[in-house]
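Since the structure comes first, as structure tokens, the remarks are kept for the end.
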Amino acid sequence: GLDPIRLIFVAFILGTGALSLRRPRPAAPAPRQVRPSRAAVIEDLRHAAAASAQATKLSFDGPPASARTERPASTLLKRRRRWEISADHLGRLTVLSHSPPLHACGGFLRPEECAQLIGTAARVLVRSTVYGHALDASRTSRSCLLARTRPECRAALEKVLALSGALPEQVEDPQVTCYTRGQRYEPHCDGPELHDPQGQSFLQCGGQRLLTVLIYLNAVPRGGRTRFSQLGVEVAPEQGKAIVFAPAFLDGEIDAALVHEALPAEDEKWVCQFWIRQRPDTTGVFMHNPDAQ
Ligand SMILES: O=C(O)CCC(=O)C(=O)O
Ligand SMILES: [Fe+2]
């Protein structure tokens, strides 16, 4: 017969299933080739942004939080309110100007993320416009808007959301611009004056641009710096580096101190911009880009 010790042993084995044979796992389903819908991407990004806000982790390789530069309290009092980057993320940025704030973030995108954006954009570039219409002699580059549903936009969009704390619906579809030798963008502000009649259709959906994230996508040994004439700052493009600034105050008034220009390119230069608007896009104007396939 079975002695009690064997009985206990058998009961233990049955209870834990320790001897049960592992079944082979079903093969993973083949990756889906279909592009997800815009709503699905936004929902997904909302979760990703919430998770990364909780963990306060960003995957870009900026300096550690300890390198954060504290601002004197006195300057805070005098300033009109603008879009605030969360303190955790500010710590990863390099201060190019305190007031108005202009920050840089080296390694915001990885080289392969940059290369993918260039690869896609290269197929759909057209002559650049200003505020979405009218060819303008002040901007001679070629550019395109990319649909945010493209997988190659994903990493950048996620990082922009984590950095800014914006809702996905507040972010314009990214714009990619290419400058070849001699091409430039003359001094400008990133949003229209509130009362400029030409800016009204731009402002109607989503309101003013409150935050600019400009990412340099390739190495540019010569030329093509971004110049902030009022701040005495010139930024040299470096692959994967981003600069971040608030081109307008929360009330929508543009900040003329952040006027900037792309100096003429010598070597070919690629940039990608994200803009955060005052309000979510409810009508599918700036996050609706089907782009050219
Ligand atoms: O290319 C640059 O350096 C700046 C581009 C820019 O300011 C813009 O497109 O609004
Ligand atoms: Fe600009």
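Numbering starts at 1 and runs along the sequence shown. Just so you know, ligand 1 is whichever comes first in the structure, and atom 1 is the first atom listed for that ligand.
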Please state whether [X] comes within less than 4.0 angstrom of ligand 1, counting heavy atoms only.
X      : result
Lys269 : yes
Trp270 : no
Glu261 : no

Subject >> Asp173 vs Arg148, salt bridge (Lys or Arg N to Asp or Glu O under 4.0 Å): CA-CA, chis, key distance, verdict >> reply: CA-CA 6 Å; Asp173 278 343; Arg148 70 186 57 206; 2.7 Å; yes

Original post:
Where the closest heavy atom to atom 9 (O) of ligand 1 is concerned, which of Gln183, Gln273, His260 has it?
Top reply: Gln273

Subject >> Check against side chain to side chain contact (heavy atoms under 4.5 Å, CB included), Phe108 and Leu163 >> reply: CA-CA 10 Å; Phe108 184 77; Leu163 179 75; 4.1 Å; yes

Original post:
Can you count the protein N, O or S atoms that lie less than 2.8 Å from the Fe ion (ligand 2)?
Top reply: 3

Original post:
Any idea which part of Phe228 is under 4.0 Å from ligand 1, heavy-atom wise: side chain, backbone, both or neither?
Top reply: neither

Original post:
What part of Asp190 sits under 4.0 Å from ligand 1 if we count only heavy atoms: the side chain, the backbone, both or neither?
Top reply: side chain

Can you list the atoms of ligand 1 that are under 4.0 Å from a heavy atom of [X]?
X      : result
Trp275 : 10 (O)
Tyr179 : 1 (O), 2 (C), 4 (C), 5 (C)
Ala262 : 1 (O), 2 (C), 3 (O), 4 (C)

Original post:
Taking Asp255 for the side chain and Pro100 for the main chain, is one N or O donor matched with an acceptor at less than 3.5 Å?
Top reply: no

Original post:
Is a side-chain donor or acceptor of Glu152 paired with a backbone partner of Gln116 at a separation under 3.5 angstrom?
Top reply: no

Original post:
For Trp270 and Glu268, does a side-chain donor sit closer than 3.5 Å to a side-chain acceptor?
Top reply: yes

Original post:
Between Ser143 and Gln175, do the side chains contain an N or O donor and an N or O acceptor separated by less than 3.5 Å?
Top reply: no

Subject >> Close side-chain approach of Val213 and Gln273, heavy atoms under 4.5 Å >> reply: no

**OP:** Report yes if Thr226 has an N/O atom closer than 3.5 Å to an N/O atom of ligand 1; otherwise report no.
**Re:** yes

Original post:
Does Gln175, backbone or side chain, put an N or O under 3.5 Å from an N or O of ligand 1?
Top reply: no

Original post:
In the single-linkage hydrophobic clustering (I, L, V, M, F, W, Y; side-chain heavy atoms under 4.5 Å), do Val259 and Leu211 co-cluster?
Top reply: no

**OP:** For Arg82 and Glu253, run salt bridge (Lys or Arg N to Asp or Glu O under 4.0 Å): C-alpha distance rounded to whole Å, both residues' side-chain angles, the deciding distance at 0.1 Å, then the answer.
**Re:** CA-CA 10 Å; Arg82 28 173 123 243; Glu253 292 290 347; over 6 Å; no

Original post:
Hey, what do you get for CH2 (Trp275) to CD (Glu172), rounding to the nearest 0.5 Å?
Top reply: 6.5 Å

**OP:** May I have all residue pairs that pass ring-ring contact (aromatic ring centres under 6.0 Å, His included) and include part of residues 208-238, sequence neighbours excluded?
**Re:** Phe228-Phe245, Phe228-His260

